[in-house]
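Before anything else, here's the structure in question.
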Amino acid sequence: MRVSRWLADRWVMIVALLVLGYLFLPIAVVAGLSLNRPSSRLSYDFNEFTLDNWRQPCATPEMCDAVVRSVQIGFLATVGSTVIGTLMAFALVRHRFRGRGGINLLIFLPMATPELVLGTSLLALFVSAGVPQGFWTVVIAHVMFCVSFVVVTVKARLAGMDRRLEEAAMDLYASEWQTFRRITLPLVLPGIVAAALLAFSLSFDDFIVTNFNAGTTVTFPMYVWGAAQRGIPPQVNVIGTAMFGIALLLVGLSTLRGRRARRAALPVADAPGRRATGPS
Amino acid sequence: MTALAQLGSGTPATGSPPPARPGRHRLLPYLLLLPGAAWLVLFFVVPLAQLAAASLYDPTGSLSTGYVLTWAFGNYPEALQAYAPQFARSFGYAGAALVLALLLGYPLAYAIAQKAGRWKNLLLVCVVAPMFTSFLVRTLAWKTILSDNGVLVGLLRDVHLLGPDGRLLATPVAVVLGLTYNFLPFLVLPLYASLERLDHRLLEAAGDLYAGPLHAFRTVTLPLSMPGLIAGTLLFFIPATGDYINAELLGTPNEYMIGNVIDSAFLVRLDYPQGAALSFLLMAAILAVVFVYLRRAGTEDVL
């Protein structure tokens with residue numbers, strides 16, 4: 001009787017934890033396989049424990065080349081999409097102009113279009129325009145599908161901002177530029193950083209659009225795709241595990257920083273004349 | 001579509017922008033918009049037009065001899081006829097995966113939003129964290145989990161849910177499981193955003209008025225989570241229908257979806273008119289499903 005009460009109260013949480021377990025199962029397998037010496041190139045089963053894959057992550061040089069290329073493309077796509085997306089977000093939240101509906105549609109549609117169609121349509125364009133496909137066509141494509149996500153993310157942060165802080169700065173004779181540099185930018189920065197991280201992860205992990213526009217350029221996902229037919233080197237799992245670890249580390253650090261900043265801000269929150277410098 | 005458009009922002013559409021100071025900065029918004037809008041027009045809108053043109057090329061042309069635009073509308077019925085099974089599979093697998101994902105994702109989103117207390121943020125990170133590992137590497141991990149020599153298949157054979165030679169890998173089940181897994185966070189996040197705003201006192205009120213848990217769920221929780229549910233299902237369904245990585249890595253050519261066909265049309269067979277026609281058919285079919293779904297979901301909301 002008591003057990004059933006307990007279950008009735010908590011079954012949702014229990015189901016949720018089971019689902020989280022399901023979400024993490026493949027990650028555990030990836031981490032496990034990174035410590036595995038496969039019995040053959042095409043085997044996906046556990047065989048023998050080894051640290052060799054972590055000691056020599058670049059035993060297959062093509063794989064490491066692909067990782068480096070993915071980082072380069074991710075970096076360029078992130079910078080490009082974050083800059084032009086942030087400008088768009090400012091225009092949309094801070095300004096009144098004709099054609100807002102059209103612009104919103106232009107930003108929304110790429111997110112609702114299947115990646116497959118984004119990829120094939122760019123391929124059709126590049127081929128008919130005679131543009132040779134390679135590194136730069138991939139960068140162009142990645143900037144294109146990242147922009148919308150940047151706009152949405154930065155917009156959310158901007159819309160939630162207290163405009164009175166800027167008005168206060170202007171009242172205190174700050175010039176427009178000073179207000180932007182000292183008030184607006186620091187307050188929006190967390191949104192821009194979040195957008196940049198999102199753009200990088202979208203770019204780094206993209207396969208479908210890249211596959212149609214890369215020519216002979218090989219990114220990390222494309223390397224894995226090609227290797228799946230020929231046999232996967234176990235180091236692929238090292239990269240997968242490392243990516244997971246780095247991302248978790250970043251999340252952990254930003255949470256800690258946020259918590260510390262909030263604690264530091266609390267005692268002086270009501271102090272008069274405090275300059276708003278750091279992100280809240 | 002607004003439900004989807006709001007997604008990611010987690011907040012409802014913002015109110016009207018502040019009035020511009022008259023006379024000043026009249027050109028500024030356009031200058032701010034110019035680079036982004038130009039990029040999207042040049043590399044999203046123009047390519048779509050080019051794809052539309054390519055779908056109407058004379059199908060007897062080839063990449064080496066050049067294509068001629070002959071308004072060959074016959075490409076469409078031809079492509080549909082040739083690949084109807086793959087089309088059906090795309091929607092069938094994505095639909096089955098969606099049902100599974102709802103069964104798994106709704107309790108997860110609900111628990112995080114309403115029951116997790118101070119663990120909320122940590123659990124939310126746990127939903128997103130698996131996505132940090134590369135999509136393809138994750139999918140390959142399923143190959144290990146579902147392998148014929150694996151623990152799972154052994155277990156299912158022991159309890160006779162699978163025959164002695166039964167397999168999971170290289171079956172439709174594996175592809176549906178892969179789709180469910182890979183796109184589940186897209187469903188959970190918007191659903192969470194909706195459920196998080198749900199006022200718990202409404203459920204208490206329902207209980208005070210003698211509604212059972214099931215009745216309260218149907219009349220309070222479910223309707224109030226509708227915006228998140230709609231956005232989440234769309235964010236799940238659209239990429240799942242167009243996906244071909246799961247079918248390629250976890251299935252066989254018997255499980256190929258329309259994406260596999262389009263990939264090979266463009267990159268292997270170099271039959272651009274057919275590939276373009278199939279791409280447009282996919283987009284039209286998805287838009288049709290989304291549109292019908294939004295209208296039905298919308299009217300139910302009103303009732």
Side-chain angles (χ1 to χ4, degrees), chain A residues 12-13 15-16 19-20 23-27 29-30 33 44-45 84-85 87-88 90-91 93-97 103 106 108 110 112-117 120-125 128 140 143-144 147 149 152-153 155-156 159 205 207 212 221 224-225 228 232 236-237 240 243-244 247-248 251, chain B residues 4-5 8-11 14 17 19-20 28-30 32-33 35-37 39-40 43-44 46-48 50-51 54 104 107-108 110-112 115 125-126 129-130 132-138 140-145 147 149 238-239 241-242 245 249 259 262 266 272 275-276 279 282-283 286:
Chain A
V12 182
M13 205 62 207
V15 171
V19 176
L20 278 181
L23 280 172
F24 274 92
L25 181 65
I27 312 299
V29 170
V30 171
L33 285 176
Y44 289 96
D45 298 326
I84 64 179
L87 294 180
M88 286 184 107
F90 265 95
V93 178
R94 289 303 175 82
H95 295 276
R96 221 164 238 258
F97 57 91
I103 291 288
L106 188 63
F108 164 72
T113 308
E115 263 197 272
L116 200 62
V117 177
T120 56
S121 61
L122 265 173
L123 170 73
L125 177 76
S128 80
I140 287 174
V143 171
M144 181 269 293
V147 165
F149 291 94
V152 169
T153 312
K155 231 174 96 177
D205 203 22
F207 172 74
F212 285 109
V224 177
W225 176 261
I232 297 272
V236 161
N237 296 302
M243 277 165 59
F244 179 72
L248 273 197
V251 171
Chain B
L4 236 182
S9 68
T11 48
T14 47
L28 187 61
Y30 296 104
L32 291 173
L33 288 169
W39 201 281
L40 288 178
F43 301 117
F44 172 68
V46 173
L48 277 182
Q50 181 58 45
L51 189 70
L104 298 175
L108 179 59
Y110 184 84
I112 298 177
K115 305 266 177 187
V125 169
C126 287
F132 295 144
T133 309
S134 160
F135 189 105
L136 282 140
V137 176
R138 266 181 293 158
L140 285 174
W142 278 102
K143 227 170 157 148
T144 303
I145 299 168
S147 135
N149 319 317
I238 294 173
T241 315
I245 298 170
L249 295 180
I262 296 177
F266 275 105
Y272 280 31
S279 298
L282 172 71
M283 195 157 117
I286 288 180

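Being a predicted model, the structure only gives us computed values, none of them experimental.
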Largest heavy-atom contact set with chain A, pairs under 4.5 Å, which of B/Ile286, B/Leu140, B/Val125: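 Going by pairs under 4.5 Å, I would pick B/Leu140.
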Note, A/Val143 side chain near B/Phe43 side chain (heavy atom, < 4.5 Å):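 A side-chain contact is absent here, since even the closest heavy-atom pair is not under 4.5 Å.
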Under 4.5 Å from a heavy atom of chain B, the part of A/Leu23 involved: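 Backbone plus side chain of A/Leu23, per the 4.5 Å heavy-atom cut-off to chain B.
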Selection from A/Val15, A/Leu122, A/Asn237 maximising heavy-atom pairs under 4.5 Å formed with chain B: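 Max contact count across the listed options: A/Leu122.
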Segment of B/Ala276 engaging chain A (4.5 angstrom heavy-atom cut-off):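 Looking at B/Ala276, nothing touches chain A.
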Interchain contact, B/Pro239 with chain A, by part (heavy-atom threshold 4.5 Å):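 Interface part for B/Pro239: neither.
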Selection from B/Ala54, B/Ser279, B/Ser134, B/Gly242 maximising heavy-atom pairs under 4.5 Å formed with chain A: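 Option with the greatest count: B/Ser134.
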Heavy-atom side-chain contact between B/Lys143 and A/Ile232 under 4.5 Å: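 Of all side-chain heavy-atom pairs linking A/Ile232 with B/Lys143, none is under 4.5 Å.
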Interchain contact, A/Leu123 with chain B, by part (heavy-atom threshold 4.5 Å):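 A/Leu123 touches chain B through side-chain heavy atoms alone.
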Min side-chain heavy-atom separation A/Ile140-B/Trp39 under 4.5 Å: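 Contact flag for A/Ile140/B/Trp39 side chains = yes.
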Side chains of B/Ile145 and A/Pro26 in contact at under 4.5 Å (non-hydrogen atoms):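 In contact.
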Side chain / backbone / both / neither for A/Phe207 at chain B, heavy atoms under 4.5 Å: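 Just the side chain, heavy atoms under 4.5 Å.
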Option in A/Val236, A/Val251, A/Thr120, A/Leu33 with maximal non-hydrogen atom pairs under 4.5 Å from chain B: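 Greatest number of close heavy-atom pairs with chain B: A/Thr120.
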A/Asp205 CG to B/Leu136 CG distance, which is reported to the nearest 0.5 Å: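 With rounding to 0.5 Å, CG (A/Asp205) is 7.5 Å from CG (B/Leu136).
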Most chain B-contacting option - heavy-atom pairs closer than 4.5 Å, from A/Leu106, A/Val147, A/Thr113: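 Top option by heavy-atom pairs under 4.5 Å: A/Leu106.
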Spacing of B/Leu33 atom CG and A/Ile84 atom CD1 [to the nearest 0.5 Å]: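 Reported to 0.5 Å precision, the distance equals 11.0 Å.
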Most contacts with chain B, counted as non-hydrogen pairs under 4.5 angstrom, among A/Val224, A/Leu116, A/Val117, A/Val29: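 Ranked by contacts with chain B, first place is A/Leu116.
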B/Leu40 versus A/Met144, closest heavy-atom pair with distance: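 The pair with the smallest heavy-atom distance is CD2-O, 3.7 Å.
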Heavy-atom side-chain contact between B/Ile245 and A/Trp225 under 4.5 Å: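 They are in contact (side-chain heavy atoms under 4.5 Å apart), so the answer is yes.
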For A/Phe90, all residues meeting ring pair (Phe, Tyr, Trp, His ring centres under 6.0 Å), sequence neighbours excluded: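 Here the qualifying residues are A/Phe180.
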Beyond-backbone contact of B/Pro107 with A/Val19, side-chain heavy atoms, under 4.5 angstrom: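 Result no, sub-4.5 Å side-chain heavy-atom pair not found.
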Rounded distance (nearest 0.5 Å) linking atom CG of B/Leu108 with atom CE of A/Met13: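 Answer rounded to 0.5 Å: 8.5 Å.
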Part of B/Leu249 lying under 4.5 Å from any heavy atom of chain A: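 Side chain only.
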Residues in ring pair (Phe, Tyr, Trp, His ring centres under 6.0 Å) contact with B/Phe135, at least two apart in sequence or another chain: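 Per chain and number, B/Phe135 pairs via ring pair (Phe, Tyr, Trp, His ring centres under 6.0 Å) with B/Phe183.
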Minimum side-chain heavy-atom gap A/Met88-B/Leu32 below 4.5 Å: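 A side-chain contact is absent here, since even the closest heavy-atom pair is not under 4.5 Å.
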Considering all heavy atoms, the nearest A/Phe97-B/Tyr30 contact: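 What the structure gives for the nearest pair is CB-OH, 3.7 Å.
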Side chains of B/Thr144 and A/Val30 in contact at under 4.5 Å (non-hydrogen atoms):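 A side-chain contact under 4.5 Å is absent here.
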Part of B/Leu104 lying under 4.5 Å from any heavy atom of chain A: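 Answer is both: backbone and side chain atoms of B/Leu104 are under 4.5 Å from chain A.
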Residue part contacting chain B, namely of A/Ile103, when any heavy atom lies under 4.5 Å: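 A/Ile103 touches chain B through side-chain heavy atoms alone.
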Over all atoms of both residues, closest heavy-atom pair of B/Ala129 and A/Phe24: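 For B/Ala129 and A/Phe24, the tightest heavy-atom pair comes out as CB-CZ, 4.0 Å.
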Option from A/Ile27, A/Leu20, A/Leu25 for which side-chain contact (heavy atoms from CB on, under 4.5 Å) with B/Pro130 holds: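 That would be A/Ile27; it is the only one of A/Ile27, A/Leu20, A/Leu25 passing the side-chain contact (heavy atoms from CB on, under 4.5 Å) with B/Pro130.
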